[in-house]
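So the structure is just underneath, and the comments pick up after that.
As the structure is a computational prediction, the values presented were derived from the model and not from experiment. Worth knowing before you read on, the calculation uses all heavy atoms, side chains too, and leaves out hydrogens, waters and symmetry mates.
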Amino acid sequence: MTDEVNWALSGFGDEIDADPAVQVAVLQALGANHIEVRSAWGTNIVDLGAEQLDALATLFSEREMGVSAIASPIGKVDVALPVQHEVDRLGSAIRAAHRLDARYIRIFSFYSEQAFSAEGVAVVGIRDEVMVRMRALADLAESENVILLHENEKDIYGDTPERVLDVIESVGSQNLRVAWDNANFVQVGVKPFTEGYALLRPHFEYLQVKDALSGSNAVTPAGEGDGELLETLTALRDDGYTGFASLEPHLADVNALGGFSGPEAFGRAARAFARLTNQLGISTR
């Protein structure tokens, strides 16, 4: 490698603290100039009012902090809900994205209590309903000029590389791309790089950073689990990836809406990722 490779470091601020001022301070101390916004002051991003969004925008502007993505909960609901339910919520996420000058909005591809077994294996019967909803979300994204990032997640339709590809190709929108999460693939029995990278690389837009152990599914800092992080990062470097790397450690608590780490564990996760990027000659900023 002769040319310097630069990625933009970001992170889920609410994994650090509920107070966005603390979120920004910790992220900047770790060398990040961007933040991924999932919640602030204990309120999810899609539920923040106009005054709260204004306050966030002012804080980020004063601290010279960019917003890498809106980490919305869109699509992390039962597919039995009406199509318009998530379209309306996406509208709220889009308003937040526009106010905070963010291009990307993270979404999911729905689940069904009746359509998944205890092991999280999708039943083919929900596929058509999933695609109708994903197409409706993409239509709104196209009209509002934002990019939706589909995150692979256990217990949703798009949990494995094959089903993620099915979602992306079936919807067929330039405004629907892949947010890649190694740990989440491990938790559904997938070897991320070996079994998914080549399949999804053409649609790869955004890297979420965490790792996991295949036996227990426990989340670990990057490089300390079975998520093939080193192989993935090496391939991204060699492919010319120049996008975001967003820390989502999940080291203290995991719940239906996300996870929490706290400042100390978040710092540990950031240093683990830095060890990998330094080894590979990747500069993060």
- Message: Could you walk me through whether Ile94 and Leu90 satisfy the side chain to side chain contact (heavy atoms under 4.5 Å, CB included) test, starting with their C-alpha distance in whole Å, then the side-chain angles of each, then the deciding distance to 0.1 Å, before giving a yes or no?
- Response: CA-CA 6 Å; Ile94 289 172; Leu90 179 59; 3.8 Å; yes

- Task: Work out which heavy atom in Asp14 is nearest to a heavy atom in Ser39; give both atom names and the distance.
- Result: OD2-OG, 2.7 Å

- Message: Quick check for you: to the nearest 0.5 Å, what is the distance between Gln174 atom CD and His203 atom NE2?
- Response: 9.5 Å

- Spell out, yes or no, whether Val171 and Val83 are grouped together once hydrophobic residues are joined by side-chain heavy atoms under 4.5 Å, including indirect joins. yes

- Message: Quick one, Asp239 and Tyr197 - any side-chain contact, counting heavy atoms below 4.5 Å?
- Response: yes

- Before giving the answer on side chain to side chain contact (heavy atoms under 4.5 Å, CB included), spell out for Leu27 and Phe266 the whole-Å C-alpha distance, their side-chain angles and the decisive distance to 0.1 Å. CA-CA 9 Å; Leu27 281 166; Phe266 199 97; 3.7 Å; yes

- Message: Using modelled atom types and a 3.5 Å cut-off, is there a donor and acceptor pairing between side-chain atoms of Arg133 and backbone atoms of Phe110?
- Response: no

- Task: Kindly check if the number of other-residue, nucleotide or ligand heavy atoms within 6.0 Å of CG (Asn145) is above 12?
- Result: no

- Item | Within-4.5 Å side-chain heavy-atom neighbours: Met65 and Gln23 | no

- Item | For Ser214 against Asp226, the heavy-atom pair lying closest together | N-OD2, 2.8 Å

- Write down the atom of Pro221, the atom of Ala272, and the distance for their closest heavy-atom approach. CB-CB, 3.6 Å

- Straight-line distance of Asp166 CG to Tyr157 OH, nearest 0.5 Å: 4.0 Å

- Check whether any side-chain heavy atom of Glu248 sits under 4.5 Å from a side-chain heavy atom of Glu36, and report yes or no. no

- Message: By the salt bridge (charged side-chain N to carboxylate O under 4.0 Å, His left out) test, which pairs, at least two apart or in different chains, include something from residues 171-193?
- Response: Arg177-Glu205, Asp181-Lys210

- Please check if any side-chain donor atom of Arg89 sits under 3.5 Å from a side-chain acceptor atom of Ser92, or the reverse. no

- Would you mind listing every salt bridge (charged side-chain N to carboxylate O under 4.0 Å, His left out) that reaches into residues 55-64, with sequence neighbours excluded? none

- Message: I'd like to know if the side chain of Arg106 reaches the main chain of Ile70, judged simply by a donor and an acceptor atom lying under 3.5 Å from each other, with no hydrogens or angles considered.
- Response: no

- Query: Does Val22 offer a backbone N or O that forms a donor-acceptor pair with the side chain of Asp17 under 3.5 Å?
  - Reply: no

- Item | Beyond-backbone contact of Ser143 with Leu140, side-chain heavy atoms, under 4.5 angstrom | yes

- Message: Checking side-chain hydrogen bond (donor to acceptor under 3.5 Å, both in side chains) between Ser109 and each of Glu151, Lys76, His150, Arg163, which is the one that passes?
- Response: His150

- Item | Least distance between heavy atoms, Arg38 atom then Ala71 atom | CG-O, 3.4 Å

- Task: Would you give the length of the straight line joining atom OG1 of Thr232 to atom CH2 of Trp180, rounded to the nearest 0.5 angstrom?
- Result: 5.5 Å

- Item | Straight-line distance of Thr234 OG1 to Leu280 CG, nearest 0.5 Å | 4.0 Å

- Item | Donor-acceptor pair, side chain of Glu224 and main chain of Asp211, under 3.5 angstrom | no

- Using the salt bridge (charged side-chain N to carboxylate O under 4.0 Å, His left out) rule, take Glu142 and Arg135 through it: C-alpha gap first, then chi angles, then the decisive distance, then the call. CA-CA 10 Å; Glu142 289 169 6; Arg135 181 65 253 180; 2.8 Å; yes

- Query: So does Asp101 have more than 12 non-hydrogen atoms from other groups sitting under 6.0 Å from CG?
  - Reply: no

- Quick one: are Arg127 and Ser170 in side-chain contact, heavy atoms under 4.5 Å? yes

- Could you name each residue pair satisfying ring-ring contact (aromatic ring centres under 6.0 Å, His included) that touches residues 209-229, not counting sequence neighbours? none

- Query: Which value, rounded to the nearest 0.5 Å, describes the distance between Leu9 atom CG and Leu30 atom CG?
  - Reply: 7.5 Å

Counting only pairs under 3.5 Å, give me each side-chain donor-acceptor contact of residues 50-57, with atom names and distances, residues two or more places apart or in other chains.
from: Gln52; atom 1: OE1; to: Gly49; atom 2: N; distance (Å): 2.9
from: Asp54; atom 1: OD1; to: Arg99; atom 2: NE; distance (Å): 2.6
from: Asp54; atom 1: OD1; to: Arg99; atom 2: NH2; distance (Å): 3.3

- Apart from Phe244 itself, its cluster of hydrophobic side chains linked below 4.5 Å comprises Tyr104, Ile147, Leu149, Tyr206

- Does a donor on one side chain sit under 3.5 Å from an acceptor on the other, for Asn184 and Glu153? yes

- Message: Taking side chain to side chain donor-acceptor pair (under 3.5 Å) as the cut-off, I'd like each qualifying pair that reaches into residues 26-35, sequence neighbours left out, listed once.
- Response: none

- Message: Under the criterion side chain to side chain contact (heavy atoms under 4.5 Å, CB included), I'd like the reasoning laid out for Asn182 against Val186: C-alpha separation, chi angles, the key distance, then a yes or no.
- Response: CA-CA 6 Å; Asn182 292 69; Val186 170; 5.6 Å; no

- Query: Considering only heavy atoms from C-beta outward, does the side chain of Val5 approach that of Thr242 to under 4.5 Å?
  - Reply: no

- Message: I'd like to know whether Glu264 forms a salt bridge (charged side-chain N to carboxylate O under 4.0 Å, His left out) with Arg268, so could you lay out the CA-CA distance, the side-chain angles of the two residues, the decisive distance to 0.1 Å, and finally the verdict.
- Response: CA-CA 6 Å; Glu264 183 178 352; Arg268 180 158 58 91; over 6 Å; no

- Message: Do Ser72 and Ile107 have side chains that approach each other closer than 4.5 Å (heavy atoms only, starting at C-beta)?
- Response: yes

- Message: If we ignore hydrogens and angles and just use 3.5 Å, is the side chain of Asn175 paired with the main-chain N or O of Val146 as donor and acceptor?
- Response: yes

- Message: Hydrophobic clustering (ILVMFWY, side-chain heavy atoms < 4.5 Å, transitive) - are Val190 and Leu229 grouped together?
- Response: yes

- Query: Is Ile45 reachable from Phe12 through a run of I, L, V, M, F, W or Y residues, each pair having side-chain heavy atoms under 4.5 Å apart?
  - Reply: no

- Message: A side-chain contact here means heavy atoms from C-beta on lying under 4.5 Å apart; do Leu236 and Ile282 qualify?
- Response: no

- Message: Please determine whether residues Phe273 and Phe204 belong to a single hydrophobic cluster, defined as Ile, Leu, Val, Met, Phe, Trp and Tyr linked transitively by side-chain heavy-atom distances below 4.5 Å.
- Response: yes

- Query: For the residue pair Ser112 and Asp78, what are the closest heavy atoms and their distance?
  - Reply: CA-OD1, 3.8 Å

- Message: Count I, L, V, M, F, W, Y as connected when their side-chain heavy atoms are under 4.5 Å apart, and connections chain through other members. Are Leu81 and Met131 then in the same cluster?
- Response: yes

- Tell me, with the steps shown, if Leu233 and Leu207 meet side chain to side chain contact (heavy atoms under 4.5 Å, CB included). CA-CA 9 Å; Leu233 301 183; Leu207 175 65; 3.6 Å; yes

- Item | Nearest-0.5 Å distance that lies between atom CG in Asn152 and atom CG in Leu165 | 12.5 Å

- Note on the structure: Scanning both residues in full, the closest heavy-atom pair of Ala212 with Asn217 reads CB-O, 4.3 Å

- Message: Is it the case that the side chain of Arg285 and the backbone of Trp7 share a donor-acceptor pair, with hydrogens and angles ignored and the cut-off at 3.5 Å?
- Response: yes

